[in-house]
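Report on the structure given below.
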Amino acid sequence: MSEAEHRVPIDTGPQPAAEGIAARALRLRGATYLAGLNPDQRCAVETLDGPVLVLAGAGTGKTRVLTTRIAHILNLGRARPAEILAVTFTNKAAREMKDRVGQMIGQVVEGMPWLDTFHAIGVKILRRHAELVGLRSDFTILDTDDQIRLIKQLLEFEKLDEQRWPARVFAALLEGWKNRGLAPDQVPAIEAVSFANGKGKALYQAYQQRLKTLNAADFGDLLLECIRLFRQHPDILRQYQERFKFILVDEYQDTNTAQYLWLKLLAQPRSSPDAPGAATAGDEGAERGRSPDVGPRLHTNICCVGDDDQSIYGWRGADVDNILRFEHDFPGARIIRLETNYRSTGHIVAAAAHLIAHNRGRLGKTLRAEGGPGEKVQVTACWDSEDEARAIGEEIEAMQRAARENGADHPLDEIAILVRASFQMREFEDRFIQIGLPFRVIGGPRFYERAEIRDALAYLRVIAQPADDLAFERILNVPKRGLGDAALQMLNEVARRKRIPLLEAARLLGASGEMKPKPRAALRALVDCFDRWRGLGAKIPHAKLAEIVLDESGYTEMWQRDRSADAAGRLENLKELIRSMEEFENLTGFLEHIALVTDADGGEGGEAVNIMTLHAAKGLEFDTVFLPGWEDGLFPHQRSLDEEGHAGLEEERRLAHVGLTRARKRARIYFATNRRIHGLWTSTIPSRFLDELPPDNVEVTEARTGGFGMAAYGASRFDEMTAFGSNYGTPGWRRAQGRRGAGADEASAAEARVEAAERGRRPASRLVSRPGQAGDAGRGGHPLRARRAPPLIEGALIAKSTGTVSQFAVGERVFHQKFGNGNVIAVDGNKLTVAFDKAGEKRVVDRFLERV
DNA sequence: TGCCCGCCCGTTTTT
DNA sequence: CGGGCGGGCA
């Protein structure tokens, strides 16, 4: 399609035909699409001409404005769908926008070819003009994994000590340069010298060289090469400038410098001969600093939507300055603020707004809540992270009970636990497994990044693209076929000498007598396989081909024979991969898709509490949000403070703001006073962000467990606490303080001490694997309120209270997502004790198990 | 070639 | 404290 579209006359404007029935139908819908907007939103939608910056606070209808704006442009006939460039960061956001625009404008208009992620659009442009940047149009897109391996090769070739100069360090450096739009000769001298005694720049050059040989581009190149293309070929740039009558950018606060430069080039339409001179190398500073003098500017219909208070990706190259500098970059820009929050209740909005007001570098917005005040933001102190997980688990169960009593229910999907760092998740997973609370972890290792998937893909890549050396190298000896380092070295040597791909080198070596018979035979077999598979590819569906490849290569068998815990899961993943291939027309299409789309997307049904990082939560919303771990050093994170100083603190604060504003009805903050850091128990200080919350909108409570166990505190620790407590005089807080006094609860104090001591001894083994003792649950009181009862007893009580009988029997073979395969060795209600092959003995709830 | 031991490190992550 | 990786040894 690229060729055909290429020739479509570019500047035909609205066509008369569009004014017919379809347009009238659209008009009718138009009456509704504008009606529901508030005045600010409406202004953001209707201000079509000139640069516009929409500062959209959390929950103020950002996506709605973007999509309505597109609908509006189309409805007025100001542009056709193919003349609107709309960029997002993630595939998810792009998909959502496509869906919503589709809904608004109905089937009357064809889809929008230029609504996509920065990278997807970059690829689209590059494939059309690949020759001009030294690539072929079927170039491969490398991911981080490939990159690292490529860099390792380069370092080896340069005889650099991998210990002193690790590949990933260089990869990070490289990424940073590319994020900033720097070509090898533009890298600042100091930075170029900083790696491998001044070899940084040369390595960058060699790396780019190698990419061209491999006919490959990395993620950074998808934008950088576009920029280079635009600068070196003003005629091509002009084509695109004229085509895109309107440009829309989502999440502008997250753009990095390369994306900024890319946008800026496209958003300077019909600029007079700005051309090669001004546009070639070395003027990064100039372009960014002053506003480039580019002659008569006719229209820059660019609309950027973002929120400087939600910029949380500085560490990966996003430059908040881009949004702060907007007016300067696009003179005459309109700035429209969306400040009415439709998502959260009053106290939550007030708390978030007050917190973020402590930041200095911001454009300034005042969020207002639409709805009533709702519940105050709760702040709860816990003894340690285990206590924190227990408290939150019980809170969730209590909420469900309460809802049930009211005949309502609080769906688990509407609950999220947002952590700063992923290691915090484990505690919740463990606890929820124990009490049988369904949860799902969002984030984690991504589907397409798993080793088995990448191995399978490598086979397919070699079939589709015989010159893909990285892919070939990856599977050369996977599964093991006796082609180790020695063989690879020979291959590399031949390939380099003859300037041919590894696969071709393999063919030569397989035919010649240079190699020892064994590896030679293996090599020949492999090459034959690839020849056969490629031939087959033309005849059978690609999903079927993949299946055959995995079988014949011995790859499936390799995992079938593997006895480790996750082998079953890996085989499952491979099946899933083949299933997902069926949705694509051909192998190339599929490979392109997976190169750019990495979100496995958690749409998996089923009622479950969501556990994820704060970063992963951006853009999402939930009725109830739990925010654990608000301790200085963890949140704000120490490393952020150390490395980025005040800027780092402000970004952490924005993260806190993002966290709070995810909540519709309930936001609950927790902190622990003790946490294990790098294996050591450390006492912690409550997050400074707590003191930045407005007291009137906050309620300080004690944990439901009552497990805070103040009596177990040393005096000094409590003194640290008072810095926090002094701000509050709520009953809950006073109660907690009161408990500090002697004898308030001798028994529990003793219990807490014992337990603390016990934890000190074996903090890691978490009371899970002592199934024998589950029986004596003879204590009174509600199981959930059981004060400091040993968790096992608590677990048993819950199991009994659910009244279910397990469908599993002792001796059965079962599979668990996290622990792998194992044998049931005890059954107790719906709780089973399973001896896992790898993970050892665990107590798990039966619903997490499958029969094998 | 494969396994094991020891060392090092330990925040966030999309494309 | 525990996981991952790399080097060294069998």
Side-chain angles (χ1 to χ4, degrees), chain A residues 87-94 116-123 141-148 152 161-163 166-168 172 175 178-179 217-224 251 254-256 258-259 311-318 418-426 442-446 448-449 451 477 480-488 518-519 592-600 612-619 629 633-644 648 651-652 654-656 658-659 675-682 759-766:
Chain A
V87 273
T88 64
F89 277 83
T90 63
N91 293 297
K92 200 174 157 208
D116 222 318
T117 62
F118 275 103
H119 296 268
I121 289 171
V123 175
I141 300 164
L142 300 190
D143 64 22
T144 340
D145 218 65
D146 298 320
Q147 261 188 74
I148 298 277
K152 276 188 179 161
D161 180 10
E162 258 250 45
Q163 292 288 313
R168 30 189 53 265
E175 196 190 356
K178 292 196 171 183
N179 280 340
D218 64 20
F219 283 124
D221 285 349
L222 300 181
L223 291 168
L224 266 194
E251 307 276 22
D254 286 338
T255 46
N256 62 33
Q259 287 154 341
S311 161
I312 55 175
Y313 284 114
W315 52 273
R316 69 174 195 214
L418 309 183
V419 298
R420 178 59 188 48
S422 44
F423 73 81
Q424 292 172 263
M425 293 178 178
R426 211 200 56 149
I442 294 180
R446 263 176 294 272
Y448 292 119
E449 277 165 22
N477 202 28
K480 303 263 181 292
R481 42 172 79 90
L483 296 169
D485 273 356
L488 178 61
K518 242 198 218 160
E592 166 101 16
H593 167 82
I594 53 123
L596 290 174
V597 176
T598 47
D599 51 354
M612 68 189 92
T613 63
L614 285 159
H615 283 93
K618 195 167 84 149
L634 178 57
F635 192 38
H637 201 280
Q638 193 56 45
R639 211 151 146 179
S640 212
L641 303 178
D642 291 346
E643 284 167 20
E644 307 293 328
E651 185 154 311
E652 295 283 303
R654 290 193 289 268
L655 204 46
V658 166
R675 196 173 285 274
R676 227 178 52 208
I677 300 172
H678 306 329
L680 294 171
W681 280 101
T682 316
R759 263 196 218 104
R761 227 180 307 124
R762 11 165 238 107
S765 81
R766 56 193 65 250

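Sequence lines set the chain letters: A, B, ... in the order given, protein chains first and strands last, and positions in each chain run from 1.
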**Request:** Answer yes or no: does a side-chain N or O of A/Lys178 lie under 4.0 Å from OP1 or OP2 of B/dT14?
**Result:** no
**Request:** Scan A/Gly443 against the nucleic acid and name what it touches under 4.0 Å (heavy atoms): base, sugar-phosphate only, or nothing.
**Result:** nothing
**Prompt:** Can you check the A/Ile442 CD1 to B/dT12 C1' distance for me, whole Å?
**Reply:** 16 Å
**Request:** Please confirm whether the backbone N or O of A/Asp146 pairs with a side-chain atom of A/Asp143, one donor and one acceptor, at under 3.5 Å?
**Result:** yes
**Asked** Aromatic rings A/His615 and A/Tyr313: how do their planes relate, parallel, tilted or perpendicular, breaks at 30° and 60°?
**Response** tilted
**Complete:** The nucleotide from B/dT15, B/dT12, B/dT13 with an atom nearest the side chain of A/Thr117 is B/dT15
**Prompt:** Looking at the side chain of A/His678, which of C/dG6, B/dT15, B/dG10 is the nearest nucleotide?
**Reply:** B/dG10
**Item:** A/Arg420, nearest nucleotide to its side chain (from B/dT12, B/dT13, C/dG6)
**Value:** B/dT12
**d(CD, A/Glu644; P, B/dT12) in whole Å** = 16 Å
**Complete:** Whole-Å distance, A/Ile677 CD1 to B/dT11 P, equals 11 Å
**Prompt:** Is there a side-chain polar atom (N or O) of A/Arg316 under 4.0 Å from OP1 or OP2 of B/dT13?
**Reply:** no
**Request:** Write down the distance between CZ (A/Arg426) and P (B/dT11), rounded to a whole number of angstrom.
**Result:** 16 Å
**Request:** Assign A/Leu483 to base, sugar-phosphate, or nothing according to its heavy-atom contacts below 4.0 angstrom with the strands shown.
**Result:** sugar-phosphate
**Prompt:** Under the 5.5 Å and 30° test, is A/His637 stacked on the base of B/dT11?
**Reply:** yes
**Sidechain-backbone polar pair: A/Glu652 side chain, A/Phe635 backbone, donor-acceptor under 3.5 Å** = no
**Request:** Could you work out which one of B/dT15, B/dT12, B/dT14 sits closest to the side chain of A/Glu175?
**Result:** B/dT14
**Message:** Whether A/Arg639 contacts B/dT12 is assessed here as follows: a side-chain N or O lying under 4.0 Å from the phosphate OP1 or OP2. Is that the case?
**Reply:** no
**Prompt:** With a 6.0 Å cut-off on ring centres, are A/Trp315 and A/His637 close enough?
**Reply:** no
**Request:** Between A/Ala486 and A/Phe89, name the one whose nearest nucleotide on DNA chain B is closer to the 5' end.
**Result:** A/Ala486
**Nearest-angstrom distance, P atom, B/dT12 to C/dC5** = 16 Å
**Prompt:** When the distance from CD1 of A/Ile312 to P of B/dT13 is rounded to whole Å, what number comes out?
**Reply:** 9 Å
**Asked** So, does A/Asp221 use its side chain to make a donor-acceptor pair with the main chain of A/Leu224 at under 3.5 Å?
**Response** no
**Out of B/dT12, B/dT13, B/dT15, whichever nucleotide has its closest atom nearest the side chain of A/His119** = B/dT15
**Prompt:** Contact class for A/Lys152 (heavy atom, under 4.0 Å): base, sugar-phosphate, or nothing?
**Reply:** sugar-phosphate
**Item:** Rounded interatomic separation in angstrom, taking CG from A/Leu222 and P from B/dT14
**Value:** 16 Å
**Message:** Between B/dT11 and A/Trp315, is there a base-stacking contact, meaning the centre of the base's six-membered ring lies under 5.5 Å from the residue's ring centre while the planes stay under 30° apart?
**Reply:** no
**Request:** Please state how far atom OH in A/Tyr448 lies from atom C1' in B/dT14, giving the value in whole angstrom units.
**Result:** 15 Å
**Complete:** Considering only heavy side-chain atoms of A/Thr144, the closest of B/dG2, B/dT11, B/dT15 is B/dT15
**Prompt:** In terms of side-chain heavy atoms of A/Asn477, which of B/dT14, B/dT1, B/dT11 is nearest?
**Reply:** B/dT1
**Prompt:** Among B/dT15, B/dG10, B/dT12, which is the nearest nucleotide to the side chain of A/Thr613?
**Reply:** B/dT12
**Message:** Need to verify one output field. Residue with the more 5' nearest nucleotide on DNA chain B, A/Lys480 or A/Glu652?
**Reply:** A/Lys480
**Message:** Counting only side-chain nitrogens and oxygens, does A/Asn91 get under 4.0 Å of the OP1 or OP2 atom of B/dT14?
**Reply:** no
**Request:** Give a yes or no on whether the backbone of A/Leu596 and the side-chain of A/Asn91 come within a donor-acceptor separation of less than 3.5 Å.
**Result:** yes
**Asked** Would you call A/Glu651-A/Arg654 a salt bridge at under 4.0 Å N-O?
**Response** yes
**Prompt:** Rounding to the closest angstrom, what is the interatomic distance between B/dT11 and C/dG4 at atom P?
**Reply:** 15 Å
**Complete:** Atom NE2 of A/His593 and atom P of B/dT15 are separated, to the nearest Å, by 11 Å
**Item:** A/Ala421, nearest nucleotide to its side chain (from C/dG6, B/dG2, B/dT12)
**Value:** B/dT12
